[in-house]
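Everything below concerns the one structure shown next.
Bear in mind that the values here come from a model prediction, so they are computed numbers and not experimental data.
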Amino acid sequence: MTAERKDGVLPAMSTYTAVVERCPETGLYVGYVPGFPGAHSQGATLDDLNANLKEVIALILEDGPPAISGEFIGTQTIVVA
């Protein structure tokens, strides 16, 4: 699926980082793109989740790039004694 904007211009390819967790109640993979409003989805497999997130992001980008509210830096391991 290639997202074409309403003005007919194809956007440049972009890469986004998603945080992925598994819901203990449903067993579904749940993912979201930090700082990207509305960019969240779920799927039965990681491939399903990836495809669903691509679709959600493409739909959001149809109206132009959203105002990103944060920047994903990474993860940290916290040790509590």
Side-chain angles (χ1 to χ4, degrees):
M1 172 182 201
T2 302
E4 185 173 308
R5 294 189 329 218
K6 291 180 181 177
D7 60 6
V9 176
L10 291 175
M13 189 170 292
S14 298
T15 302
Y16 300 93
T17 300
V19 174
V20 178
E21 299 175 340
R22 182 179 283 202
C23 176
E25 295 174 10
T26 65
L28 294 173
Y29 292 98
V30 179
Y32 67 94
V33 179
F36 197 133
H40 55 272
S41 192
Q42 62 186 21
T45 67
L46 289 173
D47 288 339
D48 290 342
L49 174 61
N50 187 281
N52 293 343
L53 284 171
K54 283 182 183 179
E55 184 176 352
V56 166
I57 291 169
L59 289 171
I60 292 170
L61 293 175
E62 283 182 356
D63 293 326
I68 303 296
S69 61
E71 177 184 2
F72 181 76
I73 301 299
T75 61
Q76 290 188 349
T77 301
I78 309 300
V79 177
V80 178

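- Closest non-hydrogen pair, Gly70 versus Ile68, comes out as O-CG2, 2.9 Å.
- Taking both residues in full, the closest heavy atoms of Pro34 and Val19 are given as CG-CG2, 3.6 Å, listed atom of the first, atom of the second, then distance.
- Residues meeting the side chain to side chain contact (heavy atoms under 4.5 Å, CB included) test with Ser14, sequence neighbours left out: Tyr16.
- Closest of all the heavy-atom pairs between Val33 and Thr17 is CG1-O, 3.5 Å.
- The two residues Ala39 and Ile60 come nearest to each other via the heavy atoms N-CD1, 3.7 Å.
- When all heavy atoms are compared, the tightest approach of Leu53 to Ala18 is CD1-CB, 3.8 Å.
- Closest approach of Leu49 to Val30, counting heavy atoms only: CD2-C, 4.1 Å.
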Tell me, with the steps shown, if Leu61 and Phe36 meet side-chain contact (heavy atoms from CB on, under 4.5 Å). CA-CA 11 Å; Leu61 293 175; Phe36 197 133; 4.1 Å; yes

